[in-house]
Novice: 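One structure, as structure tokens, below. Some questions next.
All values reported here derive from a predicted model rather than from experimental measurement. Excluded from the calculations below are hydrogen atoms, water molecules and symmetry mates; all remaining heavy atoms, backbone and side chain alike, are included.
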Amino acid sequence: MKKKRIAWITADYFVDVDIPIVPHLTSEYEVEWYIIQGFDGKISVPEIKADCNIYKRRIPYRRRNPKCISFYADIAKQIKKFAPDVIYVDAMEVPYMYPVLDFYLPTTKMVHATHNVKSYEGWHHRRLSQLYLSYVFNRHKHFHLFSQHARAEFEAMYSGKHIMYTPLSLKDYGTPTAGVTPSNDKVSFLFFGNVRQNKRLDVMLQAMARLPQELLSRVHVSVLGSCDNASYYRSMVDKLSCSVTFTPDRIADEEVADIFARHHYLVLPYENVTQSGPHMIAYNYGMPVIATRIEGFTEHVTDGVDGFLFEENDVDGLAEVFKKTILLSKQEYAAVCENLKETIARKYSSESILAEYKRFFETI
């Protein structure tokens, strides 16, 4: 029986989402994988082992340059020659990619990986992004949503669409260096990833500052990730009377495993979220999270069982959670980690996620 053909397009900033998926589809599908790398080359794409043709294509201009149209046209023409049965697009290249793909390729075969249903406060060119999202959502039929609350929001806004839901796959950055573990002397809290306004790093830092000194002496805080307003957050970091690491730059992939292995908790004080990449990195390494009690997190975290929740933008509430976690005994922390291990096995197994991809592709 002839294998179904899939053309898969991934932007470099989503490649970590698709690496756990695409190589495992090649036994049942004939796959061509197009990885679009940014003009600035800031995001490195690792070497990928997969039984398929992989084309790494670097955008020759900045994304808003109209000359990008010819770049996307070349990719679309190559895909057209491949004659795929499914075209899976995990990219949101503003403002040219989708109109070009739509011109050359049948929209009835495209699946759009939907990481965000709407643009959020703090996005660059937010209005343009929302117009572009609306264009894609209205014109296309097949969509992949990565959270249940985003699916409900999407269905309320756009009726009659064909939707697949899976959670994000766990994000694996390799095995930590032997012997790298959290400190026994301090409780380590990590904020990781691009710092945007809606992620409310300020709430985390303000909450930490409200802890009494006897607790702060038992704490280490790490803030690691690209930041457009580093001086604003550094002023708050400098006021903390505890051990702090503040690195407002992009973190190299090869450092990620050891970073997560060194910390006890990932802190996610976001005021809105569809799904979180750092959350899935933490779960890959068995790390509990402290997160805002919003829909993007409550479907993944059971408060006090496998993680901890606090009310949105509640500085005092987060401070209380910090106190609670600092005062946990080693046995109590181990119990939270064990509960998380059971949650991960039940909800995020690669087998169940891959099965849903395959089921969905057979309906297109």
Side-chain angles (χ1 to χ4, degrees), residues 4-15 17-18 21-22 25 29-39 53-119 123-146 150-151 153-155 157-165 274 357 360-364:
K4 205 166 191 174
R5 291 183 170 186
I6 300 177
W8 199 290
I9 303 173
T10 305
D12 55 6
Y13 44 82
F14 286 142
V15 74
V17 175
D18 294 339
I21 301 299
V22 181
L25 296 173
Y29 302 95
E30 186 178 346
V31 178
E32 285 195 348
W33 192 0
Y34 300 82
I35 298 175
I36 301 175
Q37 297 178 270
F39 170 78
N53 291 324
I54 301 175
Y55 303 99
K56 294 181 181 179
R57 304 286 298 274
R58 185 174 298 282
I59 302 174
Y61 313 100
R62 298 192 183 279
R63 286 187 170 94
R64 292 189 297 279
N65 191 322
K67 292 180 180 179
C68 290
I69 291 173
S70 61
F71 169 80
Y72 295 123
D74 288 343
I75 293 175
K77 291 173 185 176
Q78 186 174 348
I79 291 173
K80 188 173 183 178
K81 290 180 180 179
F82 180 55
D85 301 288
V86 176
I87 305 160
Y88 185 96
V89 187
D90 194 5
M92 181 55 77
E93 300 291 344
V94 177
Y96 307 112
M97 189 188 72
Y98 260 102
V100 174
L101 294 181
D102 292 350
F103 179 80
Y104 286 98
L105 302 168
T107 60
T108 55
K109 294 183 179 182
M110 290 188 201
V111 180
H112 172 60
T114 309
H115 294 274
N116 293 286
V117 175
K118 58 186 179 182
S119 58
W123 278 26
H124 295 300
H125 308 286
R126 184 183 181 190
R127 291 182 179 179
L128 176 61
S129 297
Q130 189 59 55
L131 286 172
Y132 197 65
L133 286 171
S134 297
Y135 165 82
V136 175
F137 295 159
N138 282 302
R139 185 173 175 83
H140 289 255
K141 179 181 180 181
H142 308 295
F143 296 90
H144 179 191
L145 277 297
F146 295 89
R151 175 176 183 166
E153 183 179 24
F154 183 84
E155 289 177 327
M157 296 169 64
Y158 303 94
S159 61
K161 303 297 183 179
H162 184 209
I163 295 173
M164 167 174 67
Y165 161 73
T274 305
Y357 274 87
F360 188 76
F361 290 159
E362 293 307 311
T363 66
I364 297 174

Novice: Using a cut-off of 6.0 Å, state whether more than 12 heavy atoms not belonging to Lys56 lie near its atom NZ.
Specialist: yes
Novice: I'd like to know whether OH of Tyr135 has more than 12 heavy-atom contacts from other residues, nucleotides or ligands below 6.0 angstrom.
Specialist: yes
Novice: Verify side chain to side chain contact (heavy atoms under 4.5 Å, CB included) between Ile75 and Arg57, making sure each step is shown before the conclusion.
Specialist: CA-CA 9 Å; Ile75 293 175; Arg57 304 286 298 274; 3.7 Å; yes
Novice: In sequence, state the C-alpha distance, the side-chain angles, and the governing distance for Leu101 and Ile9, and then conclude on side chain to side chain contact (heavy atoms under 4.5 Å, CB included).
Specialist: CA-CA 11 Å; Leu101 294 181; Ile9 303 173; 4.0 Å; yes
Novice: For the backbone of His112 and the side chain of Thr114, can you confirm whether one donor and one acceptor N or O come within less than 3.5 Å of each other?
Specialist: yes
Novice: Between Tyr88 and His144, does any side-chain donor sit less than 3.5 Å from a side-chain acceptor?
Specialist: yes
Novice: Is it true that a side-chain atom of Lys161 and a backbone atom of Phe154 form a donor plus acceptor pair closer than 3.5 Å?
Specialist: no
Novice: How many angstroms lie between atom CD1 of Ile36 and atom OG1 of Thr10, to the nearest 0.5 angstrom?
Specialist: 8.5 Å
Novice: State whether a side-chain donor-acceptor pair under 3.5 Å links Tyr34 with Glu32.
Specialist: yes
Novice: Working to the nearest 0.5 angstrom, can you tell me the gap between Ile21 CD1 and Trp33 CH2?
Specialist: 9.5 Å
Novice: Looking at Leu133 and Asn116, what are the two nearest heavy atoms and their distance?
Specialist: CD2-O, 3.8 Å
Novice: Determine whether Ile59 and Asn65 make a side-chain contact, defined as any pair of heavy atoms from C-beta on separated by less than 4.5 Å.
Specialist: no
Novice: Which value, rounded to the nearest 0.5 Å, describes the distance between Gln37 atom CD and Tyr13 atom OH?
Specialist: 12.5 Å
Novice: Which pair of non-hydrogen atoms, one from Gly38 and one from Asp12, has the smallest distance, and what is that distance?
Specialist: N-OD2, 2.8 Å
Novice: Is Arg139 close to Asp102 at the side-chain level, that is, under 4.5 Å between some pair of heavy atoms?
Specialist: yes
Novice: Any side-chain heavy atom of Val111 sitting closer than 4.5 Å to one from Phe143?
Specialist: no
Novice: What are the two closest heavy atoms between Arg64 and Pro95, and how far apart are they?
Specialist: CA-CD, 4.1 Å
Novice: Can you establish whether the number of heavy atoms outside Arg62 located under 6.0 Å from its atom CZ is more than 12?
Specialist: no
Novice: Go through the side-chain N and O atoms of Thr363 and His162 and say whether any donor and acceptor fall under 3.5 Å apart.
Specialist: yes
Novice: Closest approach of Tyr132 and Met97, non-hydrogen atoms and distance?
Specialist: OH-N, 3.3 Å
Novice: Keeping Lys4 on the side-chain end and Pro84 on the backbone end, is there a donor-acceptor pair under 3.5 Å?
Specialist: no
Novice: Are the side chains of Ile35 and Tyr55 in contact, using a 4.5 Å heavy-atom criterion?
Specialist: no
Novice: Taking side chain as C-beta onward, heavy atoms only, is Leu105 less than 4.5 Å from Lys80?
Specialist: yes
Novice: Side-chain contact test, heavy atoms from C-beta onward, threshold under 4.5 Å: evaluate it for Lys141 versus Thr108 and give yes or no.
Specialist: no
Novice: Side chains of Trp8 and Asp18 only: does a donor on one sit below 3.5 Å from an acceptor on the other?
Specialist: yes
Novice: Verify the ring-centre separation between Tyr158 and Phe137: is it less than 6.0 angstrom?
Specialist: yes
Novice: Would you check if the side chain of His142 reaches a backbone N or O of Lys109 as a donor-acceptor pair within less than 3.5 Å?
Specialist: no
Novice: May I ask you to test the Tyr98-Tyr72 pair for a side-chain heavy-atom distance under 4.5 Å?
Specialist: no
Novice: Out of curiosity, Ser70 OG to Tyr96 OH, how far, rounded to the nearest 0.5 Å?
Specialist: 11.5 Å
Novice: What are the two closest heavy atoms between Phe82 and Glu30, and how far apart are they?
Specialist: CZ-O, 3.6 Å
Novice: Parallel, tilted or perpendicular: which fits the ring planes of His115 and Phe146, with parallel below 30° and perpendicular above 60°?
Specialist: parallel
Novice: Any side-chain heavy atom of Val22 within less than 4.5 Å of one from Ile54?
Specialist: no
Novice: Kindly compute the distance separating CD1 (Ile87) from CD1 (Ile6), expressed to the nearest 0.5 Å.
Specialist: 11.0 Å
Novice: Where is the tightest heavy-atom contact between Phe71 and Pro60, given as atom of each residue plus distance?
Specialist: CD1-CD, 3.5 Å
